[in-house]
Structures are given as structure tokens and as C-alpha cells.
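To start, the structure under review is shown below, and the notes come after it.
Computed from a prediction, not measured in an experiment: that's the story for all the values here.
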Amino acid sequence: MATLPSDNTVAEAGPTPPQRKKDRTHWLYIMVIIAVFAGAAIGLIAPEAGKALEPLGKAFIALIKMIIAPIIFCTIVLGVGSVAKAATVGKVGGIALIYFLIMATFALVIGLVVGNLIHPGEGLKLEPYEAAAGGESNGTVDFLMSLIPGDIAVLPTLVLALLVGFALQSMGKAGEPVLTGIRHIQAVVFKLMMMIMWAAPVGAFGAIAAVVGKTGWAAIGAMATLMGAFYLTCALFIVIVLGSILKIVTGLNIFLLLKYLAREFLLIFSTSSSESALPRLIAKMEHAGVSKPVVGITVPTGYSFNLDGTAIYLTMASLFVSTAMGMPMSLGEQISLLVFMIIASKGAAGVSGAGLATLAAGLQSHRPELLDGMGVIVGIDKFMSECRALTNFTGNAVATLLIGKWTHEIDMDQARAALNGSSPFDELSLEPDAHGAPAPGAWDESDEPDEKKRVGVTA
């Protein structure tokens, strides 16, 4: 006869861990792709109907504009705090921050150079919505648009955020409760941003239908040119720029590193986010001979401050919009935009759509009239997200090896063995142990350089 388990058996088993909510963002990705193709088809088959769908794109951009200032304020305030905290960990943190700043600036410059060479968006002749609308005003559309709150000036918000960040840092321990509060507010803002991003398929459908309806195949060609140029630029950045630095400093081959991280690249490509491979990157960098303290400082800091792919995207997309609208930026405007992006791009990782909001913030701060041309970018943004994530991830892997070498915290023999396959990575090491403890590659309280204690996620 079967016997029931004793109370002791139940106690030993412990409480059932709560199930994690399923990630459904891949459905958003699929819907955006369908919306882009459907919008292009409508614009080609029925141009007038496509033009009539323009308010859908306009409404989505208005929602993005609404959230720009809160995102910029929260990310900059917390970013200033993160810089100070990272710098306090000593030599590793200081070297990492200097390297990240140099590489981010270099990536932004590359995006500007390529954008000025290929002139993406040329010939589209997009117009601001107000100028393009013409004819009679639609009362229903005007009423619905009036329901969306207006945007807040970005540059004053940026200045205020910097001042608040430095003020909180000067307060020391007394400022930590405020920083914690702002971090909670940031979570709410990013949740709102994610809710807005679920409207991206509708916005992309309207925007693509309208632009294709006006310009036909020229719009499709211009978008394909931007995507092709962006992918090629990121590939050359990884192979030539990162590969050369890695070879000169460590003697390691970039192609062997890419092969070593092949599984992580596949994971990133399927999720369009480098966050999904964060625990694996930590584990693999430790297996490659980099010391645990260097990995524990460099990788999490790099996920917020070393966004090479995002930097290239921001400047190329800005030039695409300005060229497509027939309002090219002067050299002075491009340089000031670059400076703005260096600051505002910190914190552009971690939430789907945050990079899009940073792009909108840059355009609004320099040329507000260009925001009306962002509808086209919304449509193709998802097609470029994988490349951004892959470039960001590779940049952080290279940075970890470089900083390990500069600080003499890397076993080069083990690094060469790991990359050439003679010391293969043990995939089972990523599995939690029998007691549910996190895998060696996941963060715990002893690994995290600041007060955000988390396992396998990044803000």
C-alpha cells in the first residue's frame, strides 16, 4: 500500500519556487515584421490608402516623445551614480570607464562618418506631418491626438538630471534612499516604455504605408541601404577595430573569440537582446582566464556604458532621418549631437525601445522638426536590433579581455586554450546546483560592484 510522504519529506523539499513570467517580446518582433511588410504592400498597391494611415505613425511618435524626458532624467541620475560607484572599486573600474568612454565616442564618430559617406535616406523627401497633411483637418484624429500628453524639453531635463546626480553623489549615504526611489521610478517608466512598444506594430504599419505610398520603391531602397550599411559598419567595427585592439594588446584572435562565443551569439540573435547571454558571458570570461573581480566589475559596467552597436546606430539613424526629410545637419549640429549621445546613451540598454527613445531625445534636443520622420525608423528598428545587441556583446567580451591584460588579472595560457578549443567550456557549469543555488556564471551579492544585488539580469 502506498504511503503518504511525511512532513519531514515535505519540509526537505522546500517551497516550490515561483514560476517566472514568460517572455513574450518575440511576438512583438514578429508583429513588427508583419506590420512592415503589410504597410509596404498597402503603400505600393493603394498609395492613397497608405497616405491616409499616416496618423497611426504620428500617434506612436507622440507617445515616444511623451516618455523621453522621464527616461533621460532617470537614466542620467542613476548613470552618474553608477560612474562614481564604478570608479570607487579602484584601478579596474577606472580603466574600464576610460576605455568605455573612448570606444563609445569612437563608435559614434564612425556612425557619423559612414552616414555622411552614404547619405542614407536621400531622395525620400519626407515632410513634417503638419505640412504633409494638407486638406481638411480630421476632427476625430485631432481629438485622439489631443489625448496624448505633450513632450518635455530634453536639454533642460538633461542638465537637471546631471545636477541632481552629482548632488546625490555628494550627499553620500544620505542620498542612497533617493537613488533607490529614482530606481523604482525608472522601473515604472521603463514598464510604461514597454507598454508603448507594444503599439510599435501599429505605428510601423502606418508610417511605412504612408512613406511607401508617397515615394514608392524609393522608400524600400532607402531603408534597405540603411540596414545594409549598418550591418556592414558593425561587422567592420568588430573585425577591424576590436580585432586589431585585441590582437595588439593580448595577441588573441578575434575570430577565435567569436567562435568561442558562438552559442551566446545564437541566443542573442534569437532574443534581440544581449542581456539574455549575460550570465554565460560572465562564466565564459572566467573560464577564459580573466579573474573573477575583473569580470565582476567590467561585464556589468559594460552592459550600461559600453554600447558600441547602439552608438553606431544612433548617429547613422539620426543622419538617415535628417537626410530623408531634406534637412541635413550641419557639422556643428552633428558634433553637438555626438556629445549629447555620449551622455544620453548611457542606460540605453536593458529595455526594448530605450535605444529608440534615446534617438528621439537626440533629435528633439537639436532639431525637433525631425521627430516626424522617425516613423520610418520605427519600422526597421527591429531589423537592426540583433546587430546592435551582437556588437554590444562582442565589445564587452573584448573589453573584459583587454582590461584583464592591462591589470595583469588574466591567465593568457588559459585564454589561448579556451579560445582554440583545447580547454572547452563546460556547459553543465551553468546549471544550478541541487540546492537551487545560482550557477557559477550568475551574479550574486559578492560579485555586484554596487548596491543592485541581482542574478543574471541588468537594469
Using the test side chain to side chain contact (heavy atoms under 4.5 Å, CB included), find all partners of Ile34 that sit at least two apart in sequence or belong to another chain. Ile30
Taking the side chain as every heavy atom from C-beta outward, state whether Leu261 and Lys284 have any atom pair closer than 4.5 Å. yes
Does any pair with a residue in residues 395-413 pass salt bridge (charged side-chain N to carboxylate O under 4.0 Å, His left out), and if so which ones, sequence neighbours excluded? Asp413-Arg416
Give the table of side-chain donor-acceptor pairs shorter than 3.5 Å for residues 235-248, with sequence neighbours excluded, one pair per line with atom names and distance.
from   : atom 1 : to     : atom 2 : distance (Å)
Ser244 : OG     : Ile240 : O      : 2.4
Lys247 : NZ     : Gly251 : O      : 3.3

Are Val299 and Asn396 close enough that some pair of their side-chain heavy atoms sits under 4.5 Å apart? no
Tabulate below the donor-acceptor pairs under 3.5 Å that side-chain atoms of residues 335-343 make, not counting sequence neighbours, or state none.
from   : atom 1 : to     : atom 2 : distance (Å)
Ser336 : OG     : Gly332 : O      : 3.3
Ser336 : OG     : Glu333 : O      : 2.9
Ser336 : OG     : His366 : NE2    : 3.1

Test side chain to side chain contact (heavy atoms under 4.5 Å, CB included) applied to Thr225 - qualifying residues, sequence neighbours left out: none
Across all chains, not counting sequence neighbours, the side chain to side chain contact (heavy atoms under 4.5 Å, CB included) partners of Ile185 are Cys74, Val189
Non-neighbouring partners of Ala418 that pass side chain to side chain contact (heavy atoms under 4.5 Å, CB included), sequence neighbours left out: Tyr260, His287, Ala288, Gln414
Among residues at least two apart in sequence or on other chains, which ones pass ring pair (Phe, Tyr, Trp, His ring centres under 6.0 Å) with Tyr99? Trp406
Taking side-chain hydrogen bond (donor to acceptor under 3.5 Å, both in side chains) as the definition, give me every residue that meets it alongside Asn420, ordered by chain and number, with sequence neighbours left out. Ser422
Listing request: all salt bridge (charged side-chain N to carboxylate O under 4.0 Å, His left out) pairs with a residue in residues 101-115, at least two apart in sequence or in separate chains. none
Please list, one pair per line, the donor and acceptor atoms closer than 3.5 Å that link side chains of residues 104-117 to other protein atoms, with sequence neighbours excluded.
from   : atom 1 : to     : atom 2 : distance (Å)
Thr105 : OG1    : Leu101 : O      : 2.8
Asn116 : OD1    : Gln334 : NE2    : 3.3
Asn116 : ND2    : Leu112 : O      : 2.7
Asn116 : ND2    : Gln334 : OE1    : 2.9

For Arg388 and Asp308: C-alpha separation, side-chain torsions, deciding distance, then whether side-chain contact (heavy atoms from CB on, under 4.5 Å) applies. CA-CA 8 Å; Arg388 288 201 305 265; Asp308 299 329; over 6 Å; no
Determine whether Phe205 and Val36 make a side-chain contact, defined as any pair of heavy atoms from C-beta on separated by less than 4.5 Å. no
Is the shortest heavy-atom distance from the side chain of Leu419 to the side chain of Asn253 under 4.5 Å? no
